[in-house]
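For reference, the structure is listed below as structure tokens.
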Amino acid sequence: MRWSQSFLVTLREVPGDAEVVSHQLLYRAGLIHKLAAGIYSFTPFGFRSLRKMIDIVREEMDATGAMEVDLPILQPKELWVESGRWQRYVDDGILFHLEDRKGGEFALAPTAEEAVTDMVRRSVTSWRQLPFNLYQIRTKFRDEIRPRFGLLRGREFLMKDAYSFDVDEKGLDVHYRKMDAAYRRIFERCNLEYALVEADSGAIGGSASQEFMVVADTGEDALVFSDAGDYGANVEKAVTAPLPEPWAGEEPRSFGEANAPTPGITTTEGQAKHLGTTPERIVNTMIYEAVGADGKAWLAAVLIRGDLAINEVKLPKAIGALHVKLASEEILGKVTGTRPGFVGPLGLLPFEENPISLFVDRSLEHGANLWCGANLEGLHHSGVSIPRDVLSLPYFKGVVEVATAREGDPSPTGKGTLRIRRGIEVGHIFKLGTKYSEAMKCEVANQAQKMVPLTMGCYGLGLGRTVAAAIEQNHDDVGIIWPVPLAPFACVVAVLQRDAHVLEAADRLYEGLKAAGVEVFYDDRDERPGVKFKDLDLVGFPVRVVVGGKGLQRGVVEVSTRRERKAAEIAPDRVVELVKKTLAAGAKTLVTD
RNA sequence: CGGGGCGUGGCGCAGUGGUAGCGCACCUGCUUUGGGAGCAGGGGGUCGCCGGUUCGAUCCCGGCCGCCCCGACCA
């Protein structure tokens, strides 16, 4: 492909709405265009990279024995009502939905569990037809509350989604491990530094789930790792080993003998300072409105050490609720008689005739000689002992583990301490179990002639997002440094002068590389050398061949890799061989012999 | 959904109650040609949309739409 005949337009300046580096570079290199918030076009160049991503994913999926299918994006509401997801997704506002001319409602699918389960249940009747794994690579739609960062969080995006079907959990394990291995190969082929973390399975539901995260400072997710290398989790899911207890070995003092005023001081730090203690000794009491699986609302009080924060993703599961949110100050006032800052666990009033449910975070289970709010404006109780004063309360319901993991906390594996980094979620694999097959009656006869719901897994991988993540990890201050497998073209030939003999030499090199099977682009534009160098660095061709009059006089052209940007002078007849060797080695450094 | 910001040529921006300007990009010519050239000439904008105030609105006011950031939320 010659530049002079291609549709490639680079930008000198960054469009104002591009915030993160992958977005800026995709834009400047002329690979994508924004059509609306979170909706992007791929140019021919951008699409070449996306296509390579597609091919890699397809190859690795096929290699596992998974079979490609094509499921509709436009899906009838009834299917989504059947699985129970319609209301939830509409309420959350994430589902694009529309009506046909007769008033029938449809969803633009954000995932395809329903569609694939429907197809399977109509075709499969016996365990003998199992197992299998079906995947597709198709556009998905999600009306994200806040699309951002270019391809990293779009409302329309390309995703590979796979769904495995087994007769039992054991079969699911096999599929899950295969997908895990395939994902590792995919991200390794893309030259990505990635990490595996345990994740919350969120709205899709199910038991085990793992996220594949590309480590990048611009990532939207916080990841928790053990520095011993044996633990990783999304911060939403992360747990720690029990924290050191500052009160260990102390004799519990009696309750309330040193009650102290804390007038107008509502922050934990402020109170600790005022009371001459540390935040670890302050009990924070948070009142939540919880909604249970039966749709009933109730109130929960959760106690946590003052130096810790409650993880509101972990909380619902821990206390047996579906959703939680912090109670309004009005409700808070009704059950505690005070305002935030002075709430404590003792003497909490029933709410609408139902006693409040009290939970204690593990960090406080053995706590002694603590301070807590007195449920009176400006007063704290002293000498609080959790086992003595709190665990005995009639509305105490249990000890839970709901603290947010922090940098430096001990790893739950017992080895190492936790570190927090940021990452971009590029893949997510779930063990769904029978959630959808039960809801949608997708059953087969097992060997004992009993009808059983199929055991499912689902495996998502964001393709555009992975391409963007690859740029986040592979760039410098002048442009993209494509990993060879994702580069729009592996190699570029640039001609510096349009003199006949120079052009002729460049043409010959370009044709020679093409004939040798190298994916080569040819910058044959009538531009000054400086312009070309800048553009080629920006677009990020892994290997560059520069043909100029001065070099030709000495019988050489210049070859370099984008990553090193160190040129070597090479005789033209050796270029094809060296370029091929360099590309085969990943184009990190130039192979010159 | 709460808070903040922004909509002016392809991109980045300035500006004014009296018919709109700069830089980059683009076109033509000449000179140039190894890291975003110089000079000269030129084309391109219903100033997001609707309404109001005004003799007159891109500017002031109201509404709407769109976009970006922070937060909440979120496979």
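Lettering follows sequence order; numbering is per chain, from 1. Computed from a prediction, not measured in an experiment: that's the story for all the values here.
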task: Name the nucleic acid region contacted by A:V14, choosing base, sugar-phosphate or nothing; use a 4.0 angstrom heavy-atom cut-off, strictly under.
output: sugar-phosphate
query: Reckon A:L496 touches a base, only the sugar-phosphate, or nothing at all at heavy-atom distances under 4.0 Å?
result: base
message: Measuring to OP1 and OP2 of B:C68, would you say a side-chain N or O of A:K34 lies under 4.0 angstrom away?
response: yes
message: Less than 4.0 angstrom between a side-chain N/O of A:R12 and OP1 or OP2 of B:A25, yes or no?
response: yes
Partner of [N] by Watson-Crick or G-U wobble geometry, both contacts under 3.5 Å, or none?
N	answer
B:G43	none
B:G36	none
B:U53	none
B:U19	none
B:C64	B:G48

- line: Side-chain contact check for A:R28: nearest option of B:G36, B:C26, B:G12 is B:G36
Which pairs, protein N/O on one side and nucleotides 5-10 of chain B N/O on the other, fall under 3.5 Å?
none

Report each atom pair, protein N/O against N/O of nucleotides 30-32 of chain B, whose distance is under 3.5 angstrom.
unit_1: B:U32; atom_1: O2; unit_2: A:R528; atom_2: NH1; d: 2.6

message: For A:F430 and A:H428, take the angle between the two ring planes, folded into 0 to 90°, and tell me which bin it lands in: parallel under 30, tilted 30 to 60, perpendicular over 60.
response: parallel
query: Mind checking the P distance from B:G35 to B:C22? Whole angstroms is fine.
result: 31 Å
statement: Comparing A:P15 with A:R525, nearest RNA chain B nucleotide closer to 5' gives the residue A:P15
Minimum heavy-atom distance between A:S437 and A:T117, given as atom pair plus value: CA-CG2, 4.4 Å
task: Would you check, one step at a time, whether the test salt bridge (charged side-chain N to carboxylate O under 4.0 Å, His left out) holds for A:E564 with A:K588?
output: CA-CA 7 Å; A:E564 287 191 336; A:K588 287 183 174 61; over 6 Å; no
message: Looking at A:D523 and A:K532, is any side-chain nitrogen of the basic one under 4.0 Å from a carboxylate oxygen of the acidic one?
response: yes
